[in-house]
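Read through the structure below, which is laid out as structure tokens, and then see the notes.
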Amino acid sequence: MSALDFSTKIGSKRFSNPIFTASGCASSGQELSQFFPLTEIGAIVTKSIMVKARTGRATPRMAETPSGMLNSIGLQGPGIDTFLEKDIPWLVEQQAKVIVSIAGESVDEYGVLARRLRSVPGISALEVNISCPNVENRGQVFACNPDTATAVIEAVRRNIGGELPIVAKLSPDVTDIVEIAGAVINAGADGLALINTLLGMVIDTNTMKPKLAGKTGGLSGPAIRPVAVRIIYQVHQAFPNTPIVGMGGVASGRDALELILAGASAVSVGTATFGNPKAAFDIKNQLEMLLLEKGFTDFRDAIGFAHRGI
Ligand code: SIN
């Protein structure tokens, strides 16, 4: 029995430990389950699901960058019907804690998805992805404007009912992240997922053309970790009682600790999984050791520690 209480809370829900997968890097967890039991990590955050099945953007849709990766997937997925029929029952069978990520093309679509998920058993929270950078119309990046961000979260809150925590996933590509965070909290978000990828571009100097078929893509990996740390720090300072699921280039327990000290109540592991499918499991173990080494007996005492005494 560990001397550390490693549990964390997002809204009304408790998770056995604070390491989650990041939406989009492991679908609904099937591929990861051959590497470790999904019950070993705090939660599986599923790939953002939409109302209809989608094939996503044209290929190539991934490119390597210095210390990172650019993706332009375009929200490929099976659609909510298949997801509810296959993915959720499978995850429930694994006894995994599940956070379902949703994405819509309009405010109404988010409402429809929330209604479909409202009374589905086995879901611990809803991640509302309003920040995918890979949409045809930049006006659909709802998280870039406080009014559109508010409209989506209000629609989800209305349709999901009172019980399930809503975590709004925000974009780093804004001038004032604290303003957007405040807007979604006022609209009914119980938590925030910080940060989605940064909009980037790579040009192949041999072909002299963009490497991605979609031209632009979302930058992830260690290159963006300082941006994630800055945003989590700023938002935690402004809203210390709102739980943050931090993400952005976490590849070790020490990286996870950095986001936690900035103010994250949980940490999602994404891009690191492509190099090491066991990354989330390994990072959970490394973080637990590190917290014990530093003398913590309750994980929650580490959340936002970097703010204390400043
Ligand atoms: C994608 O499917 O294009 C990525 C989703 C996201 O970054 O939100």
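We count ligands from 1, going down the list as the structure has it; atoms in each ligand are counted the same way.
The backbone N or O of Thr21 lies less than 3.5 Å from a partner atom in the side chain of Ser268, making a donor-acceptor pair.
For Gly24, the heavy-atom gap to ligand 1 stays at 4.0 angstrom or more. Using a 4.0 angstrom heavy-atom cutoff, Lys47 counts as in contact with ligand 1. Heavy atoms of Pro133 come nearer than 4.0 angstrom to ligand 1 in at least one pair.
For ligand 1, the atoms lying closer than 4.0 Å to a non-hydrogen atom of Asn196 are 6 (C), 7 (O), 8 (O). Close approach of ligand 1 to Asn71 (heavy-atom distance below 4.0 Å) involves ligand atoms 1 (C), 3 (O), 4 (C). Those atoms of ligand 1 that come under 4.0 Å of a heavy atom in Ile73, given as number and element, are 1 (C), 2 (O), 3 (O). For ligand 1 and Asn134, the ligand atoms under 4.0 Å from any heavy atom of the residue are 1 (C), 3 (O), 4 (C). Those atoms of ligand 1 that come under 4.0 Å of a heavy atom in Leu75, given as number and element, are 1 (C), 2 (O), 3 (O), 5 (C).
If you check which protein heavy atom lies closest to atom 8 (O) of ligand 1, you get Asn129 ND2, 2.8 Å. Protein heavy atom nearest atom 5 (C) of ligand 1, with residue, atom name and distance: Cys132 SG, 3.5 Å.
Between Phe36 and Phe281, the ring planes lie parallel to each other; the angle is under 30°, not in the 30° to 60° tilted range. Using a 30° and 60° split on the angle between ring planes, Phe305 and Phe296 fall in the perpendicular class, above 60°.
The existence of a salt bridge linking Lys13 and Asp190 is excluded, since no basic side-chain nitrogen approaches an acidic carboxylate oxygen closer than 4.0 Å.
Side-chain contact annotation: Asp108 with Ser106, donor-acceptor N/O pair under 3.5 Å absent.
With a 4.5 Å cut-off on side-chain heavy atoms, Val184 and Ile130 count as touching. Contact annotation: the side chain of Ile123 approaches that of Leu164 to within less than 4.5 Å [non-hydrogen atoms, C-beta and beyond].
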